[in-house]
Amino acid sequence: MKLITCGLPYANGKAHIGHLRTYVPADVYVRYLRLFGEDAIFVCGSDCHGTPIVVNAEKEGLKPKELVDIYHEHFQRVFSEIDIEFDYFGRTDAEYHHERTQDIVKKLLENGYIYPKEIELAYCPSCERFLPDRYVEGVCPYCSAIARGDECDQGCGRHLEPGEILDPRCKICGAKAVYKKQKHYFFRLTEFRDFLLEYLDNLKGTENALNYARQWVSKELKDWCITRNLEWGVRFPGEDLVVYVWVDAPIGYISFTERACEKRGLDWERIWRAEKKESEIVHFIGLDIVYHHCIFWPAMLKGSNYSLPDGVVASGMVKVEGKTFSKTRGYVVWLEDDYLASGLNTDFLRYYLVNYTSHQKDLNFSWEVFGEKVNNELIANLGNFLYRVTYFAWKNFKDGGEAKIRANIDEDALRVIEETVKKIRDAIENWEFKIASDAFMELSSFGNNYFQSHKPWELIKSDIEAAIQVVSTCLHIAKALVILSFPVLPKTMRRFSRIFGFEIENSKVEDVLSINDFVIKKPEIPFQKIEEEKIAELEEMMLERIRRASKMEEGILNEGEEDIKTGDKMSEKEDLISFEEFKRFDLRIGKVLRAEKIEKSKKLMRLEIDIGDEVRQVVAGIAEDYTPEDVVGRLLPVLVNMKPAKLMGVESKGMILAADVGGKPVLLSPDRDVEPGSKIR
RNA sequence: GCCGAGGUAGCCUAGCUGGUUGGGGCGCCUGACUCAUAAUCAGGAGGUCGGGGGUUCGAAUCCCCCCCUCGGCACCA
């Protein structure tokens with residue numbers, strides 16, 4: 001028995017191609033396992049908790065549950081449309097999930113892996129509540145960018161622990177937050193270091209995930225704050241706190257397994273109880289959540305006597321039209337609004353996602369390539385073979401509505417089919433879905449070749465016995481193709497298998513090789529070709545979205561206008577400051593006297609700047625774009641009363657100002673020579 | 001800068017415990033065929049195997065240096 005899970009989709013946004021990159025291969029994997037006779041359970045569900053959902057719900061004037069309902073229903077619907085079939089698709093706000101989570105938290109408490117600690121937290125006096133995570137907006141203590149409470153999303157990208165953020169403000173009412181002491185609970189992640197090192201050595205999965213995780217563990221682990229001040233979430237036992245969303249989300253794998261097992265009359269404990277474990281657990285995830293699955297999660301399981309995952313399979317990132325996937329920039333393909341709305345066969349997209357490149361590598365989605373792959377590979381090779389063979393058989397041997405053909409199969413062809421099965425089996429074992437799908441495409445190619453070179457359309461007139469052998473051999477190949485490609489192309493092959501008169505859902509590899517006489521019903525074309533105009537249309541739609549997005553970024557569109565398709569509103573209100581506030585900035589023109597690149601650093605340059613009454617040492621992140629020679633002698637605007645900081649061990653007192661052009665600094669200069677120290681206002 | 005993964009024809013890739021002329025798929029060109037969704041089949045063009053050194057009788061494959069891409073860490077006060 002094998003349990004397969006997929007990373008839970010977060011229930012505050014719609015499904016897009018980035019999601020599919022892990023869900024489709026996982027579904028393909030499960031279907032192949034079943035084809036090979038393995039008993040597999042496949043679970044997933046909506047991740048319903050966490051601050052973003054609360055914040056977004058509030059913004060939309062909804063209760064968190066109402067928001068979650070919308071997206072939970074959405075995911076369920078679109079997954080089923082693209083034939084991603086879970087045994088159970090649950091939700092983490094369900095009663096049973098809360099119970100399981102609390103059970104695990106209690107076990108961790110009993111086992112001494114959770115301890116309380118007083119920390120200072122942002123508190124909004126006007127809302128009268130503590131401000132967790134994204135309820136807080138403030139200044140990143142590391143890079144001083146505007147940041148969210150849990151992550152410096154605009155700046156350095158660092159994860160921020162509760163209490164770290166500077167100058168916190170309430171995101172709801174905008175009031176200045178104060179720090180208040182409060183008791184929170186921490187998970188002793190640090191105690192699991194040795195365990196994790198060993199565990200990761202034996203963990204199976206894709207290299208991209210394992211290497212990444214090992215890198216983290218070999219560095220420093222920190223204990224992990226696992227409680228939040230929220231109403232929405234799983235209650236932490238005995239406290240007016242909720243468990244951090246990343247604690248309860250993976251527990252969904254367990255609680256959903258319980259439900260799935262209940263449905264099928266199985267004992268979930270044989271999967272998840274350490275002492276009873278007898279089946280394998282494999283997680284399919286995106287590369288971005290390796291940390292949670294290879295570090296937090298096994299430590300939690302270990303600490304509460306649950307069984308440990310055996311494999312973590314991480315899919316590479318998705319690019320769209322050659323650019324980094326980005327919802328806000330428009331480089332995204334939405335499953336419902338783009339793909340399903342286009343009316344194209346969902347199997348096309350499944351094939352593309354599985355066959356474009358290796359599971360671990362970055363996948364580029366381009367409508368043009370999509371059209372080519374579908375028309376020239378899937379349809380021209382596989383679709384055409386299936387149709388030409390079955391149609392030929394039906395047309396020439398039909399007797400009434402059906403054609404009966406005696407099986408007389410070429411041994412060589414059987415051997416090729418056997419090899420194909422072996423290739424697929426090996427590939428699936430190694431999570432190489434491209435290789436598996438290439439294998440059945442090769443078989444199809446062999447079939448076309450066989451049919452072509454044996455010319456049954458001539459034999460049928462001269463040597464009927466020989467014709468029967470060729471036709472039945474090709475029919476046999478076709479049947480094998482239907483079964484072997486079903487995991488990737490379930491919709492099409494389910495339909496097409498009917499002309500052979502068998503139930504594809506229950507087919508096993510053995511059926512691929514077992515020889516039976518054929519009864520063929522009148523076939524229909526398995527795939528409808530994609531018109532070039534359709535591709536052009538879809539491409540145009542995407543370009544339009546990208547254009548719109550870039551205009552949005554430049555602020556040309558009116559405030560509040562919806563970002564097309566993403567549903568995200570431009571909610572950043574203008575931040576106005578008073579003249580009083582502005583006066584707090586001591587801005588002056590400084591003259592660079594000396595400059596040198598800081599060793600061991602990529603971006604940092606140490607500058608000595610004359611600011612009139614003194615010479616300041618300032619560290620600036622410009623070394624990637626400027627050499628010391630470029631800047632020595634230059635006049636630059638300097639924020640003089642910047643809080644001093646140390647960077648790479650070098651003290652910096654002040655900050656030079658530069659234009660930000662696509663993340664690159666561009667230095668600014670006064671219109672003509674001015675004295676160092678001149679005030680800027 | 002450190003760590004990981006990569007860099008093979010326009011695109012996706014196999015080969016990487018060194019050994020006959022670096023395979024395959026898509027695209028491109030030519031021909032054949034007509035059962036088939038202008039599908040198929042045969043043939044062809046196209047590669048300094050990121051660059052430079054070295055080891056060897058012989059390297060895409062081993063060693064050294066460098067460059068580039070992606071991701072992580074450190075770092076843009």
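Chain identifiers are assigned alphabetically (A, B, ...) following the order of the sequence lines, protein sequences preceding nucleic acid strands; residue numbering begins at 1 within each chain. Note that these values count all heavy atoms, side chains included, but never hydrogens, waters or copies made by symmetry.
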Can I get a per-line list of side-chain donor-acceptor pairs under 3.5 Å for residues 464-471 of chain A, giving both atom names and the distance, sequence neighbours left out?
residue	atom	partner	partner atom	Å
A:Glu465	OE2	A:Arg406	NH2	3.0

- Message: Looking at A:Asn396, I'd like to know whether one of its side-chain N or O atoms comes within less than 4.0 Å of OP1 or OP2 on B:C35.
- Response: no
- Closer than 4.0 Å, any side-chain N/O of A:Lys361 to the OP1 or OP2 of B:C12? no
- Message: Base, sugar-phosphate or nothing for A:Lys373? Non-hydrogen atoms, less than 4.0 Å.
- Response: nothing
- Sugar-phosphate only, base, or nothing, as touched by A:Ile379 at under 4.0 Å among non-hydrogen atoms: base
- Task: Please state the C1' separation for the pair B:C11 and B:G4 - nearest whole angstrom.
- Result: 26 Å
- Task: Can you tell me, in whole Å, how much space there is between the P of B:G50 and that of B:G22?
- Result: 15 Å
- Query: Looking only at atom P, what distance separates B:U56 and B:C16, rounded to whole Å?
  - Reply: 24 Å
- Item | Phosphate-side-chain proximity, A:Asn449 and B:A42, N/O vs OP1/OP2 below 4.0 Å | yes
- Task: For B:G19 versus B:C28, give the span between their P atoms, rounded off to a whole number of Å.
- Result: 35 Å
- Query: Can you tell me how far C1' of B:G27 sits from CG of A:Asn375, to the nearest Å?
  - Reply: 13 Å
- Task: Could you measure between the two P atoms, the one in B:G15 and the one in B:C73, and give it in whole Å?
- Result: 31 Å
- Ring-on-base stacking between A:Phe392 and B:C35, under 5.5 Å between centres and under 30° between planes: is it there? no
- Sugar-phosphate only, base, or nothing, as touched by A:Asn208 at under 4.0 Å among non-hydrogen atoms: nothing
- Message: Side chain of A:Asn211, heavy atoms from C-beta onward: which of B:G4, B:A39, B:C41 has the nearest atom to it?
- Response: B:G4
- Item | Heavy-atom donor-acceptor pair, A:Glu372 side-chain to B:G27 base, under 3.5 Å | no
- Item | A:Pro456 vs A:Ser652, nearer the 5' end of RNA chain B by closest nucleotide | A:Pro456
- Message: Please compare A:Val369 and A:Ile525 by the position of their nearest nucleotide in RNA chain B and report the one closer to 5'.
- Response: A:Val369
- Using a strict cut-off of less than 4.0 Å between a Lys/Arg side-chain nitrogen and an Asp/Glu carboxylate oxygen, indicate whether A:Glu402 and A:Lys522 qualify as a salt bridge. no
- Nearest whole angstrom, please: distance from the C1' of B:A14 to the CD of A:Glu432. 12 Å
- Task: Sort out the partner of B:G1 for me: Watson-Crick or G-U wobble, both distances under 3.5 Å, none otherwise.
- Result: B:C73
- Item | Separation between the C1' atoms of B:C2 and B:C63, rounded to whole Å | 22 Å
- Query: Within a reach of under 6.0 Å around NZ of A:Lys679, are more than 12 heavy atoms found that belong to other residues, nucleotides or ligands?
  - Reply: yes
- Message: Please report the distance separating the C1' of B:U61 from the corresponding atom of B:G46, rounded so that it comes out in whole Å.
- Response: 23 Å
- Query: At under 4.0 Å between heavy atoms, what does A:Gln215 touch on the DNA or RNA strands: base, sugar-phosphate, or nothing?
  - Reply: base
